[in-house]
Amino acid sequence: MLRVLVTGAAGFLGSHMVDALLAEGNAVVGVDNFLTGDQRNIAHLTRDVRFEFLQHDITQPFDPGRVDWIFNMASPASPMDYSAYGVETLMVGSVGVRNVLEIAKKYSARLLHTSTSECYGDPLVHPQPESYWGNVNPIGPRSVYDESKRFAEALIMAYHRYQKIDTRIVRIFNTYGPRLQANDGRVISNFLRQALGGDDLTIYGDGSQTRSFCYVSDQIEGQLRLMHSSEHLPVNVGNPEEFTILECAQAILAITGACSQLVFEPLPLDDPRQRRPDITRARELLDWEPKIRLPEGIRLTIPWFKQELERLSASGDLQDTSGMAA
Ligand code: NAD
Ligand code: UDP
């Protein structure tokens, strides 16, 4: 049994990682400051003696005690969240990552860091292999997130090269599933909320921009395989099936049976034109590829959204999140 630290444990991906690690028989210390996460994501674990929780901001030094593995997942992730918390996003990707690397150094722990396809910016190479250096605006609205993640990768590689820390870097492409915040403004969240609520679906721009959507169980499986591997260089984990945003909207309308109209709104500044992972390295190094295609993943996600929409409308917290990242 390993003792594993998961930062961002109350978030969407962090809470699924905690569940997977406990299911593998490990003990987990979860850390989160609830900036964008939710206590409800880990509420089912309160009686599990193998799970400890520490409410803490990782930009402040901390010591969780001896740990064998670390999954560093703390960071605002949706464009709406990192636009609202720009400075916090830069600090968690710099000072926060350094604090976690110091824990890895102290306990000789293996550390996996969740990086992002945003490192490729608005990519001029398509699909994106890990060898592509990206096309990032360093001062635009997305820069607080993109540059925080790029700095974090550089810091992790420096600790690996100069201090011999055992590190892993996963570059995550758009991932969705249960526990996604219904109010986070991301495309799957907005479209499901709008379709299930009988509202119009908001397409930013003309909807010809593309994304490639990975279901959460595939994402977690890819990250666990990377942690078990000996690969130190970044590995893309995402689903290479690519959709225009219009196709994504039509898929959600077909699956939900909603009669919503499509309405067109301005494209946010620097919104990437295209995104599709080249997963050759994940296939070869990890023997991993995603199993769940978009329609099935959407079906698996709908019950969560229905439950969240009921809860949010009962509490009066259901807000219109369209256009909020623009
Ligand atoms: P999320 O917002 O649901 O989870 C992030 C968690 O980190 C939240 O619980 C938040 O409260 C916590 N957090 C933020 N700052 C913190 C701090 N200073 N100290 C302690 N906790 C802090 O987002 P997510 O989608 O689960 O993303 C998890 C990780 O995966 C992030 O690092 C994100 O950048 C990365 N990622 C996610 C996606 C995706 O599609 N979901 C894509 C690329 C990368
Ligand atoms: N988008 C959209 N309508 C919405 C929300 C998002 O057309 O209601 C678009 C957005 O402009 C982007 C894509 O969907 O082109 C994915 O947006 P998201 O915020 O989910 O993540 P990103 O990949 O841009 O970080």
Side-chain angles (χ1 to χ4, degrees), residues 6-17 30-39 41-42 54-60 62 71-83 85 88-89 91-93 95-97 99-100 113-119 122 142 145-146 148-149 152 170-177 179-181 184-194 200-214 216 219 223 236-238 243-246 248-249 262-275 320-326:
V6 178
T7 73
F12 162 52
L13 292 180
S15 63
H16 283 283
M17 182 56 76
V31 175
D32 206 295
N33 66 350
F34 299 120
L35 182 66
T36 57
D38 196 320
Q39 205 277 333
N41 290 336
I42 46 173
L54 184 61
Q55 182 171 345
H56 183 77
D57 177 343
I58 68 159
T59 64
Q60 302 302 318
F62 66 109
F71 285 86
N72 186 47
M73 308 181 85
S75 171
S78 71
M80 202 179 91
D81 283 342
Y82 62 70
S83 303
Y85 299 114
E88 289 85 347
T89 302
M91 296 313 278
V92 77
V95 178
V97 172
N99 286 337
V100 174
H113 174 73
T114 50
S115 190
T116 168
S117 58
E118 284 288 316
C119 288
D122 189 4
R142 299 174 86 98
Y145 186 64
D146 300 7
S148 130
K149 291 290 185 178
V170 57
R171 289 194 184 139
I172 303 173
F173 283 66
N174 299 56
T175 299
Y176 67 99
R179 298 188 196 153
L180 204 54
Q181 304 167 53
D184 72 3
R186 288 191 249 205
V187 66
I188 300 276
S189 323
N190 273 3
F191 286 177
L192 273 177
R193 192 171 46 74
Q194 291 159 343
D200 293 341
L201 269 55
T202 48
I203 310 281
Y204 301 161
D206 63 5
S208 64
Q209 71 272 32
T210 68
R211 293 295 185 274
S212 305
F213 301 102
C214 184
V216 62
Q219 180 60 239
Q223 292 186 25
N236 289 338
V237 172
F243 297 85
T244 66
I245 293 306
L246 270 179
C248 173
L262 305 183
V263 294
F264 292 83
E265 294 191 357
L267 189 69
L269 197 62
D270 294 344
D271 197 279
R273 284 289 317 150
Q274 52 185 3
R275 276 289 168 71
D320 180 6
T321 47
S322 60
M324 287 184 64

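For reference, positions follow the sequence shown, starting with 1. What you see is a predicted model; the values in this text were computed from it and never measured. Start at 1 and go down the list; that is how both ligands and their atoms are numbered.
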Determine whether [X] and [Y] make a side-chain contact, defined as any pair of heavy atoms from C-beta on separated by less than 4.5 Å.
X: Asn41; Y: His16; result: no
X: Val187; Y: Phe243; result: no
X: Leu192; Y: Leu180; result: no
X: Phe173; Y: Asn236; result: yes
X: Tyr82; Y: Glu118; result: yes
X: Val216; Y: Phe12; result: yes
X: Phe191; Y: Ile203; result: yes

Quick one: which ligand 1 atoms are inside 4.0 Å of a heavy atom on [X]?
X: Gly37; value: 8 (C), 9 (O), 10 (C), 11 (O)
X: His56; value: 19 (N), 20 (C)
X: Met73; value: 28 (C), 29 (C), 31 (C), 32 (O)
X: Thr116; value: 43 (C), 44 (C)
X: Thr114; value: 29 (C), 30 (O), 31 (C), 32 (O)
X: Gly11; value: 3 (O), 4 (O), 8 (C), 9 (O)
X: Phe34; value: 11 (O)
X: Asn174; value: 40 (O)

Looking only at heavy atoms, is any part of [X] under 4.0 Å from ligand 2, and if so is it the side chain, the backbone, or both, or is it neither?
X: Ile188; value: neither
X: Glu265; value: neither
X: Thr202; value: both
X: Glu118; value: side chain
X: Val187; value: both

Nitrogen or oxygen of [X] less than 3.5 angstrom from that of ligand 1:
X: Asp57; result: yes
X: Phe12; result: yes
X: Leu13; result: yes
X: Ser117; result: no

Numbering the atoms of ligand 2 from 1, which are under 4.0 Å from a heavy atom of [X]?
X: Ile203; value: 7 (O)
X: Asn190; value: 4 (C), 5 (C), 8 (O)
X: Arg186; value: 19 (O), 20 (O)
X: Gly185; value: 5 (C)
X: Asn174; value: 21 (O), 22 (P), 23 (O)

[X] and [Y]: which non-hydrogen atoms are nearest, and at how many Å?
X: Ile172; Y: Leu13; result: CD1-CD1, 3.9 Å
X: Gln223; Y: Phe71; result: O-CE2, 4.4 Å
X: Val97; Y: Ala152; result: CG2-CB, 3.9 Å
X: Ala9; Y: Gly30; result: CB-CA, 3.6 Å

Where's the contact between [X] and ligand 1, heavy-atom distance under 4.0 Å: side chain, backbone, both or neither?
X: Glu88; result: neither
X: Ser115; result: backbone
X: Tyr176; result: neither
X: Arg186; result: side chain

Where is the nearest protein heavy atom to [atom]: which residue, which atom, and how far?
atom: atom 10 (C) of ligand 1; result: Thr36 OG1, 3.2 Å
atom: atom 24 (P) of ligand 1; result: Ala77 CB, 3.9 Å
atom: atom 42 (C) of ligand 1; result: Ile172 CG2, 3.4 Å
atom: atom 34 (O) of ligand 1; result: Tyr145 OH, 2.6 Å
atom: atom 19 (N) of ligand 1; result: Ile58 N, 3.0 Å
atom: atom 40 (O) of ligand 1; result: Thr175 N, 2.8 Å

Do other residues, nucleotides or ligands put more than 12 heavy atoms under 6.0 Å from the OH atom of Tyr85?
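Atom OH in Tyr85 is not packed in, count stays at 12 or less.
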For [atom], which of [options] has the closest heavy atom?
atom: atom 16 (C) of ligand 1; options: Asn33, Val6, Leu54; answer: Asn33
atom: atom 24 (O) of ligand 2; options: Arg273, Gln209, Arg142, Arg275; answer: Arg142
atom: atom 5 (C) of ligand 1; options: Ser75, Gly8, Ala74, Gly14; answer: Ser75

Is a side-chain N or O of [X] found less than 3.5 angstrom from the main chain of [Y], in a donor-acceptor match?
X: Ser78; Y: Asp184; result: yes
X: Gln209; Y: Ile245; result: no
X: Thr114; Y: Arg171; result: no
X: Thr7; Y: Met73; result: yes
X: Asp81; Y: Pro76; result: no
X: Thr210; Y: Arg275; result: yes
X: Gln194; Y: Thr202; result: yes
X: Asn174; Y: Phe213; result: no
X: Ser189; Y: Gly185; result: no
X: Gln181; Y: Thr36; result: yes

In this structure, does ligand 1 have an atom that sits under 4.0 Å from one of the heavy atoms of [X]?
X: Lys149; result: yes
X: Tyr85; result: no
X: Asp32; result: yes
X: Gly96; result: no

Before signing off on this row, confirm whether Tyr82 and ligand 2 have an N or O atom pair separated by under 3.5 Å.
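In this structure, Tyr82 places no N or O atom under 3.5 Å from an N or O of ligand 2.
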Any heavy atom of Pro79 closer to ligand 2 than 4.0 angstrom?
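Flag set, Pro79 near ligand 2.
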